[in-house]
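Step one of this worksheet: look at the structure below.
All values reported here derive from a predicted model rather than from experimental measurement.
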Amino acid sequence: GPALLFVKTSQGKEEGRRFYACSACRDRKDCNFFQWEDEKVSEARLAAREEYNRSHQPCFTHRQNVDRYKNFVLLPLSKRRFCQECQQLLLPAEWKKHSDHQFLCDITTAQLKSPSQLLYPLENKKTNAQYLFADRSCQFLLNLLTDLGFRRVLSVGTPRLHEMIQSKASQEEEEFNVRSLLLDIDFRYSQFYTEDEFCHYNMFNHHFFGGEAARETCRKFLCEENGERVIMVTDPPFGGLVEALASSFKKLMAMWRGTEKEGHDNREMPMFWIFPYFFESRILDFFPSFSMMDYQVDYDNHALYKHGKTGRRQSPVRIFTNLTPSVIVLPEEEGYRFCTVCQRYVSSGNQHCEICNSCTSKDGRRWKHCVLCKKCVKPSWFHCDNCKCCTLEKHSCGKSDSGCFVCGKAGHKRSACPSLTHS
Ligand code: SAH
Ligand code: ZN
Ligand code: ZN
Ligand code: ZN
Ligand code: ZN
């Protein structure tokens with residue numbers, strides 16, 4: 001889909017030079033598309049680009065994959081193979097072509113219903129960053145949204161949540177009446193879901209690869225027919241630009257708003273945006289109605305974000321939502337409790353600060369109030385009179401090197417400054 005417009009700034013210069021680059025791949029190794037904004041592109045180069053794109057299409061269309069699936073499930077177990085190298089369900093006629101590839105045999109219906117277990121996670125940090133929810137977290141999210149009365153889930157980059165909903169719906173049929181539509185850039189999923197269950201989608205530029213028909217599928221799904229309320233749940237790659245994501249999510253929200261003739265009385269489409277806590281201020285910049293919940297989202301294949309037995313490695317990933325915080329009930333058996341002053345559930349270590357009049361911890365540890373900074377700070381920080389702020393004990397004193405060279409905010413370097421990028 002469309003590239004994003006970025007700006008390169010060099011130290012000392014006011015105006016930066018603007019260029020287009022791939023929206024989905026943040027690493028030039030994954031996609032080397034680059035074009036200065038004012039650059040004239042020759043016919044030859046345009047043709048070469050088109051040729052490159054043509055030769056990099058998936059070997060089957062979504063439609064073809066759906067037909068292949070229908071044939072696949074008709075096969076006896078002994079003929080159901082999945083090529084691990086090509087990440088593809090194989091029909092018997094294709095076995096030969098994949099004969100020197102590793103493959104799995106006897107693919108069961110249960111396996112077909114959990115594609116996120118069958119496919120290997122695309123972990124390359126800069127593009128897919130596929131980190132799958134631990135079962136506990138996935139179950140928690142699903143219970144939470146069904147308890148809140150939602151019957152439709154727009155799953156944007158949450159294949160495992162989608163899969164849990166799909167497989168429950170097919171097993172328990174009558175009692176479980178939640179539906180999900182998966183929007184994801186990982187086209188491998190088109191082998192397992194129909195066009196009504198999966199859209200190949202890029203959340204950094206709101207591009208539907210399936211064109212108008214796919215867009216229409218999404219729009220229809222967002223219509224709250226028979227009072228079936230919709231919620232969007234998204235878990236984007238953490239390296240992604242918040243600005244680009246927010247712009248796409250606003251377009252999805254607008255799509256939702258457009259489905260209602262009455263206009264939803266200025267309500268926003270309910271949303272869970274799952275993202276690390278240190279992006280709180282960036283998310284609030286774009287969605288002031290959102291608040292961050294204390295719940296720590298855990299992952300299966302992310303060593304750092306696993307809920308360790310010792311409880312020492314704590315996940316920094318949280319739920320941001322535009323729902324009233326008090327309705328987001330967090331599990332008491334995991335130590336969360338309700339703060340009546342803040343009117344929300346907080347982690348066990350999060351103490352209500354009388355001075356801030358808020359439960360101020362962001363990372364789950366107990367924070368301490370600094371009277372000089374007039375705010376609560378991390379337990380490991382102390383107030384440095386030289387720097388006139390709280391910081392780590394070990395810091396290059398007087399240099400305030402923690403802040404970004406461009407915007408002055410802490411937490412990132414100049415090269416990663418969000419204020420340098422414009423979509
Ligand atoms: N925790 C989730 C997975 C989150 S990982 C779960 O268990 O369901 C991030 C997801 O976003 C992956 O599924 C990845 O394929 C998808 N993704 C990455 N880049 C994307 C993009 N540009 N557009 C849409 N989806 C993307
Ligand atoms: Zn193969
Ligand atoms: Zn409180
Ligand atoms: Zn405080
Ligand atoms: Zn201080």
Residue pair Glu39, Arg45: steps toward the salt bridge (Lys or Arg N to Asp or Glu O under 4.0 Å) verdict = CA-CA 12 Å; Glu39 190 178 337; Arg45 231 175 104 205; 2.8 Å; yes
query = Is there side-chain contact between Phe150 and Arg229, with at least one heavy-atom pair below 4.5 Å?
reply = yes
request  = Give a yes-or-no answer on whether the side chains of Arg49 and Gln35 include a donor-acceptor pair shorter than 3.5 Å.
outcome  = yes
task = Classify the side-chain pair Glu393/Trp381 by whether it contains a donor and acceptor separated by less than 3.5 Å.
result = no
message = Distance to the ring centre below 6.0 angstrom and angle to the axis at most 45 degrees; does that hold for Arg188 and Tyr120?
response = yes
inquiry  = Does either side chain, that of Asn205 or that of Ser248, offer a donor lying less than 3.5 Å from an acceptor on the other one?
reply    = no
request  = Give the intermediate values and the outcome of side-chain hydrogen bond (donor to acceptor under 3.5 Å, both in side chains) for residues Tyr189 and Asn65.
outcome  = CA-CA 9 Å; Tyr189 283 98; Asn65 274 336; over 6 Å; no
inquiry  = Would Arg337 and Tyr345 count as a cation-pi pair here, with the cationic atom under 6.0 angstrom from the ring centre and within 45° of the axis?
reply    = no
query = Within 45° of the six-membered ring axis of Phe275 and under 6.0 Å from that ring's centre, is NZ or CZ of Arg318 located there?
reply = no
ask   = Considering residues, nucleotides and ligands other than Lys375, do more than 12 of their heavy atoms fall under 6.0 Å from its NZ?
value = no
request  = Check whether any side-chain heavy atom of Phe286 sits under 4.5 Å from a side-chain heavy atom of Glu243, and report yes or no.
outcome  = yes
request  = Take Ser155 and Leu183 through the side chain to side chain contact (heavy atoms under 4.5 Å, CB included) test and state the conclusion after the steps.
outcome  = CA-CA 6 Å; Ser155 299; Leu183 306 186; over 6 Å; no
ask   = For the side chain of His62 and the backbone of Tyr193, is there at least one donor-acceptor N/O pair under 3.5 Å apart?
value = yes
remark   = What one should report as the nearest heavy-atom pair of Cys138 and Phe133 is CB-CB, 3.9 Å
ask   = Any side-chain donor-acceptor pair under 3.5 Å between Arg151 and Asn177?
value = yes
Residues forming a side-chain contact (heavy atoms from CB on, under 4.5 Å) with Pro58, sequence neighbours excluded = Phe187
Main-chain N/O of Ser116 paired with Ser114 side-chain donor or acceptor, under 3.5 Å = no
key: Criterion salt bridge (Lys or Arg N to Asp or Glu O under 4.0 Å) on Glu334 and Arg136, from CA distance to verdict   = CA-CA 11 Å; Glu334 285 175 40; Arg136 194 178 59 89; 2.3 Å; yes
query = If you measure from CE on Met269 to CZ on Phe249, what distance do you get to the nearest 0.5 Å?
reply = 9.5 Å
task = Compute the ring centroids of Phe320 and Phe287, then answer whether they are less than 6.0 Å apart.
result = no
query = Would you say the side chains of Gln111 and Gln117 form a donor-acceptor pair under 3.5 Å?
reply = no
message = In the structure I gave you, are the side-chain heavy atoms of Asp196 and Thr217 within less than 4.5 Å of one another anywhere?
response = yes
key: Cation-pi check, Arg17 onto Trp36 ring (under 6.0 Å, within 45° of axis)   = yes
inquiry  = A side-chain contact here means heavy atoms from C-beta on lying under 4.5 Å apart; do Cys22 and Phe204 qualify?
reply    = no
key: Residue pair Tyr201 / Asp186, side-chain donor-acceptor N/O under 3.5 Å   = no
Contacts table for residues 352-360: side-chain donor-acceptor under 3.5 angstrom, sequence neighbours left out:
| residue | atom | partner | partner atom | Å |
| --- | --- | --- | --- | --- |
| His352 | NE2 | Asn357 | OD1 | 3.2 |

query = If you count the non-hydrogen atoms of other residues, nucleotides and ligands that lie under 6.0 Å from CZ in Arg365, is the total more than 12?
reply = yes
